[in-house]
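Reading through the structure tokens given below for one structure.
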Amino acid sequence: MMKQPPADVVWHPHQVSKATRAHAKGLNTSAVLWFTGLSGSGKSTIANALEQRLAELGYHTYLLDGDNVRHGLNRDLGFSDADRMENIRRIGEVSKLFVDAGLLVLTAFISPFQADRQLVRQLHKDREFIEIFVDTPLAVCEQRDPKGLYLKARTGAIKHFTGIDSTYEAPIAAEIHLKTVEMDIDSCVSAILQYLNDGGYLRQSVSGFSDAL
Ligand code: ADP
């Protein structure tokens, strides 16, 4: 799974660089915003709201959503430990390509294991991987249960469900930490925009951008 390409498969350097493509998209640095958290913590909701705000500001984004990827690229994968790992590895490689294309990539996967997230982080250059911990207590996620999955997990209809009978390893040093019990969706979105702004990711002037916050 982690093997190297054959020796005669050679990487082609291209004339148009990642930085050039990022500039064309209004960015100084393209990056992936990697949302991680329990099911129902708010990853998709916040990523969607953020993507909408970024689109209004004129940014070119791409949102990779867990279930959607499993319909196509990863439809051959199940939920064994090995398949979950391969699922995240492929998503990491896809997000790397989109970052290379000069975009802001948003991903919304539970990605429960520290080692898998670390592997994806290492695929990217410094600053290009922004881990966002959507921190919502299990009891709150279970109460929200937007897809009815916790109910199924509690009754045993779904096995190996994160938070119930499969572990979630919380990030130790996420770039952005969102406590959704204390922050509404708008505040979460603003905190991420602020991070991108303060980190110099966006080429737009700070004053012009602040108005949009
Ligand atoms: P996930 O993608 O992590 O599985 P979802 O985004 O599908 O989670 O579901 C989260 C649910 O929690 C949604 O119904 C959303 O409206 C609700 N919610 C309540 N407060 C917040 C908040 N502050 N941030 C994000 N979602 C919230």
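Below, each value reflects all heavy atoms present in this structure, side chains not excepted, and no hydrogens, waters or symmetry copies. Counting starts at 1 for both ligands and their atoms, following the listed order.
The closest approach between Leu38 and ligand 1 falls below 4.0 Å for a heavy atom of the residue. In this structure, Ala108 does not count as a contact residue of ligand 1, since none of its heavy atoms falls inside 4.0 Å of the ligand.
Partners of Asp184 according to the side-chain hydrogen bond (donor to acceptor under 3.5 Å, both in side chains) rule, which considers only residues two or more places apart in sequence or in another chain, are Ser187. Legend: residues meeting ring pair (Phe, Tyr, Trp, His ring centres under 6.0 Å) with Tyr168, ordered by chain and number and at least two apart, are absent.
Contact of the Tyr150 side chain with the Leu38 side chain is registered, since non-hydrogen atoms from C-beta on lie closer than 4.5 Å.
Nearest protein heavy-atom neighbour of atom 23 (N) of ligand 1: Met183 O, 2.8 Å. The nearest protein atom to atom 14 (O) of ligand 1, hydrogens excluded, is given as Pro146 CB, 4.1 Å; this is a heavy-atom distance. With respect to atom 24 (N) of ligand 1, the closest heavy atom belonging to the protein is Ile185 CG1, 3.5 Å. For atom 6 (O) of ligand 1, the nearest protein heavy atom (residue, atom name, distance) is Thr45 OG1, 2.5 Å. With hydrogens left out, the protein atom closest to atom 3 (O) of ligand 1 is Lys43 NZ, 2.7 Å, a heavy atom. From the protein, the heavy atom lying nearest to atom 12 (O) of ligand 1 is Arg144 CD, 3.0 Å. The single protein non-hydrogen atom nearest to atom 10 (C) of ligand 1 is Gly40 O, 3.4 Å, given as residue, atom name and distance. Protein heavy atom in closest approach to atom 26 (N) of ligand 1: Gly42 CA, 3.7 Å.
Close approach of ligand 1 to Ile46 (heavy-atom distance below 4.0 Å) involves ligand atoms 24 (N), 25 (C). Listed by atom number, the atoms of ligand 1 under 4.0 Å from Ser39 heavy atoms are 4 (O).
Note: Trp34 and Phe129 have tilted aromatic rings, judged against thresholds of 30 and 60 degrees for the angle between ring planes.
The shortest N/O to N/O separation between Asp184 and ligand 1 does not fall below 3.5 Å.
Both the backbone and the side chain of Ser41 come within contact range of ligand 1, each with a heavy atom under 4.0 Å.
No side-chain donor-acceptor contact under 3.5 Å links Arg84 and Ser166.
Here the CD1 atom belonging to Ile176 is positioned 10.5 Å from the CD atom belonging to Glu131, to the nearest 0.5 angstrom.
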Full working for side chain to side chain contact (heavy atoms under 4.5 Å, CB included) between Leu54 and Leu193: CA-CA 8 Å; Leu54 286 167; Leu193 286 174; 3.6 Å; yes
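In this structure, Arg127 forms a cation-pi arrangement with Tyr201, its terminal cationic atom sitting closer than 6.0 Å to the ring centre and no more than 45° off the ring axis.
In His160, the NE2 atom is not crowded: 12 or fewer heavy atoms of neighbouring residues, nucleotides or ligands sit closer than 6.0 Å.
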